[in-house]
Amino acid sequence: MSDIDNKFAGNTGSDLITITRRPDIVFIEGQGSWLLDEMGKRYLDLVQGWAVNSLGHSPALLAQALTEQAGRLVNPSPGFYNRPMLDLARRLAELSCFDRVFLASSGAEANEGAVKLARRWGRRERGGAHEIISFEQGFHGRTLAMMSASGKPGWDRLYAPMPKGFAKARLNDITSVERAITPDSVAVMIEFVQGEAGVNLADTGFVRELRALCTERRLLLIADEVQTGVGRCGHAFAYELHGVEPDLMTLAKGIGGGVPLSALLCKERFNCFEPGDQGGTFCGNPLMAAAGLAVVNEVCRPGFLAEVRRRGEQLSRGLAEIAQEHGLPGERGAGLLRALALPVDRAEAVVEAARALTPVGLLLNAPRPHLLRFMPALNISEEEVDTGLALLRQALREAL
Ligand SMILES: *Cc1c(COP(=O)(O)O)cnc(C)c1O
């Protein structure tokens, strides 16, 4: 063994800047809903890179799209058109209520773009209105401005001073939105399902009132569908659940099937950046756009989303049964974005017990101390959902 191999074998992560606590496992391979670690143990993965791998691990169609595009053209510069960029934009416009698309690399970047576009429109059409109303507990990303937009407790002090111009309202409380409006307000930014906050669902009644209020007060409605978009909630986009059309929408996570890709979409009348106002070195690169096109075409092909809804119902029924057996408060969610509430702050212990199960582990996520979140691959099989529920029962028995 060479020195380099030696160093790698004993690698404890001490070369990485500390950002989080990671379990003592190194993953080397993934196929569909399954991951394999260096020790040869298999895990059923209900996290999927935080709702990122819409088609599971290493889907063949993603590998093919990436390989073909990598051999053809990787990046001619964002200053030129390329074919996958044009094709993905056209496909997203066909599938949604939007007319124009800007491609970027992360959810936070797409959301920053949405805020910039709203402020640009506010300068042109609303006498300089610039303030964005977002929601308590909401999550919009980790750039400084998106930390301001997010409603995570404590985030206003972590890296102070923070960018200004973000007011907060409460989800499902239209009066709180009305109260937050000032002459400077230009937009309301909402997650139809607050993912990181613990799968909190916006009510259809509230969403419709919000749409009407935004229209009446000339505020843009920005849908942050970074987590909910591209099939996650059983429809191409979560706004379809409520029968409303936002003015701007952002996508990331699932759109790339695991690779870094995001999008900002808008209606034609808000297409108001001047050349040079917005951009980015990797924005619209053909390699990621080709991946996104393959993923979006698969998720939105006839029959796929109906199957996502069936798997969502199966998971929902299974979680509700488990809640009853264990005397838990219950489950909630939309499509394949679901949560199971616990009566005590033991979610992290359940996550650890699930991971430690043998011979097969289960990967879960705990966005809150009393809450488990499930965001499996959209093409998870009926049998795999049942396996996941059986493993979850075992983990709950051990941890609760
Ligand atoms: C994950 C997430 C983001 C941030 O996306 P990144 O790609 O991590 O920047 C923004 N909004 C929502 C709703 C998210 O779930």
Side-chain angles (χ1 to χ4, degrees), residues 19-20 46-54 102-118 132-152 155 158-159 163 166 168-169 171 187-202 207 221-233 235-239 241-242 246 248-265 280-283 285 288-289 291-292 295 333-339 365-368 371 373-376 378:
I19 59 158
T20 186
L46 301 187
V47 180
Q48 289 288 356
W50 281 314
V52 165
N53 306 317
S54 6
F102 166 76
L103 297 174
S105 307
S106 74
E109 191 184 13
N111 284 340
E112 292 256 347
V115 167
K116 285 180 184 171
L117 191 59
I132 312 287
I133 298 168
S134 55
F135 291 89
E136 288 170 11
Q137 310 290 336
F139 181 80
H140 301 293
R142 289 175 172 274
T143 58
L144 287 170
M146 286 311 106
M147 288 180 76
S148 284
S150 298
K152 264 183 109 135
W155 269 20
L158 195 53
Y159 301 114
F166 297 91
K168 292 291 174 299
L171 194 68
V188 177
M189 188 157 156
I190 184 171
E191 298 162 86
F192 293 126
V193 182
Q194 290 187 328
E196 300 309 300
V199 191
N200 301 329
L201 289 100
V207 172
L221 182 61
I222 305 174
D224 178 347
E225 294 227 24
V226 165
Q227 188 156 153
T228 54
V230 194
R232 177 56 50 189
C233 296
H235 297 270
F237 310 107
Y239 69 76
L241 292 168
H242 306 297
L248 272 57
M249 174 173 78
T250 55
L251 302 170
K253 293 204 164 85
I255 192 178
V259 302
L261 176 67
S262 65
L264 161 64
L265 295 87
T281 307
F282 295 118
C283 292
N285 75 82
M288 294 304 122
V295 170
L336 283 173
L337 177 57
R338 312 211 70 87
N365 166 257
R368 306 291 293 254
L371 203 85
R373 180 171 49 163
F374 306 84
M375 37 198 163
L378 299 182

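Just so you know, ligand 1 is whichever comes first in the structure, and atom 1 is the first atom listed for that ligand. Start at 1 with the first residue, then count along the sequence.
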Output yes when a side-chain donor or acceptor of Ser105 lies under 3.5 Å from a complementary backbone atom of Leu261, and no otherwise.
no
What are the polar N/O contacts of ligand 1 with the protein below 3.5 Å, with distances?
unit_1, atom_1, unit_2, atom_2, d
ligand 1, 7 (O), Gly107, N, 2.8
ligand 1, 9 (O), Gly107, N, 3.3
ligand 1, 9 (O), Ala108, N, 2.8
ligand 1, 11 (N), Phe139, O, 3.2
ligand 1, 11 (N), Asp224, OD1, 3.4
ligand 1, 11 (N), Asp224, OD2, 2.8
ligand 1, 15 (O), Gln227, NE2, 2.8
ligand 1, 15 (O), Lys253, NZ, 2.6

Only distances under 3.5 Å count here; give the side-chain donor-acceptor pairs of residues 141-148 to other protein atoms, sequence neighbours excluded, each with its distance to 0.1 Å.
unit_1, atom_1, unit_2, atom_2, d
Thr143, OG1, Glu112, OE2, 2.5
Thr143, OG1, Met146, N, 3.3
Ser148, OG, Pro163, O, 2.7

Should we say atom CH2 of Trp155 is surrounded by more than 12 heavy atoms from elsewhere, each under 6.0 Å from it?
yes
Can you tell me if Gln227 uses its side chain to pair, donor with acceptor, with the backbone of Ala51 under 3.5 Å?
no
Applying salt bridge (Lys or Arg N to Asp or Glu O under 4.0 Å), can you list everything that pairs with Arg338, at least two apart in sequence or on another chain?
Glu331
Results of side-chain hydrogen bond (donor to acceptor under 3.5 Å, both in side chains) for Glu109 - residues two or more places apart only
none
